[in-house]
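Structure first, then comments.
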Amino acid sequence: QVHVVESGGGLVQPGGSLRLSCVVSEFSSDYYAIGWFRQAPGKEREGISCLSSADGTTYYANSVKGRFTTSRENRKATVYLQMDSLKPEDTAVYSCALRTDYVCPPLRLSARYDYWGQGTQVTVSS
């Protein structure tokens with residue numbers, strides 16, 4: 001049974017940084033994509049990044065481009081979301097998802113992912 005677990009959320013002041021982790025277990029293929037999503041209260045889920053295992057290419061939503069960075073550490077089966085210059089509008093529940101194919105779908109297509117984590121709360125407030 002594949003498991004996806006996020007961690008690292010919390011409360012941070014505007015302009016601050018957080019790093020989220022996404023650990024995938026019981027999955028051994030080298031071909032996958034990891035997507036990061038967020039959902040704020042009363043808003044639809046937003047896809048914010050996708051990392052392809054093929055060559056590490058990462059795609060970002062315009063709302064986070066230049067502020068958020070996705071990276072991976074294969075030996076730990078972990079993908080990170082480094083979030084810098086955080087704004088109050090970044091407040092949301094952040095989730096990562098595993099797609100059992102290395103091609104990143106359009107960021108809005110969350111249904112293309114196969115396994116989801118439970119989410120971690122990020123609150124940006126002074």
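All of these numbers come straight from a predicted model, not from anything done at the bench.
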Distance-only, no hydrogens or angles: does the [X] side chain make a donor-acceptor pair with backbone N or O of [Y] under 3.5 Å?
X      : Y      : value
Gln39  : Lys43  : yes
Thr91  : Val124 : yes
Thr120 : Gly9   : yes
Glu6   : Gly119 : yes

Measure the [atom1]-[atom2] distance between [X] and [Y] for me, rounded to the nearest 0.5 Å.
X     : Y     : atom1 : atom2 : result
Phe27 : Gln1  : CZ    : CD    : 13.0 Å
Leu51 : Thr69 : CG    : OG1   : 11.5 Å
Ser71 : Ile34 : OG    : CD1   : 12.0 Å

Margin query: Applying side chain to side chain donor-acceptor pair (under 3.5 Å) as the test, list every pair that has at least one member in residues 18-35; sequence neighbours left out.
Written below: Tyr32-Asn74
Notebook entry, point to check: Partners of Tyr113 by ring pair (Phe, Tyr, Trp, His ring centres under 6.0 Å), sequence neighbours excluded?
Noted result: Phe37
Note to self: Once ring-ring contact (aromatic ring centres under 6.0 Å, His included) is applied, what residue pairs with a partner in residues 58-80 remain, sequence neighbours excluded?
What the structure shows: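 Applying ring-ring contact (aromatic ring centres under 6.0 Å, His included) to every pair that reaches into residues 58-80, excluding sequence neighbours, yields nothing.
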Check: Please, which pairs that meet disulfide (SG to SG under 2.5 Å) have at least one residue in residues 97-126, sequence neighbours excluded?
Finding: Cys50-Cys104
Notebook entry, point to check: Any disulfide (SG to SG under 2.5 Å) pairs touching residues 7-39, not counting sequence neighbours?
Noted result: Cys22-Cys96
Checklist line | Considering all heavy atoms, the nearest Leu86-Val12 contact | finding: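 Heavy atoms only, the tightest pair is CD1-CG1, 3.5 Å.
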Next item on the list: Go through the steps for Ser95 and Arg45 under the test side chain to side chain contact (heavy atoms under 4.5 Å, CB included), then give the verdict.
Entry: CA-CA 10 Å; Ser95 300; Arg45 178 186 287 163; 5.9 Å; no
Checklist line | Any Val2 side-chain heavy atom under 4.5 Å of Val24 side chain | finding: yes
Check: Tyr94 versus Ile48: any side-chain heavy-atom pair under 4.5 Å?
Finding: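 In contact.
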Would you please name every residue forming a salt bridge (Lys or Arg N to Asp or Glu O under 4.0 Å) with [X], sequence neighbours left out?
X      : answer
Asp101 : Arg99
Arg67  : Asp90
Glu46  : Arg38

Kindly write out the residues that satisfy side chain to side chain donor-acceptor pair (under 3.5 Å) with [X], not counting sequence neighbours, or none if the list is empty.
X      : answer
Ser17  : Asp84
Thr57  : Asp55
Lys65  : Asn62
Thr123 : Gln121

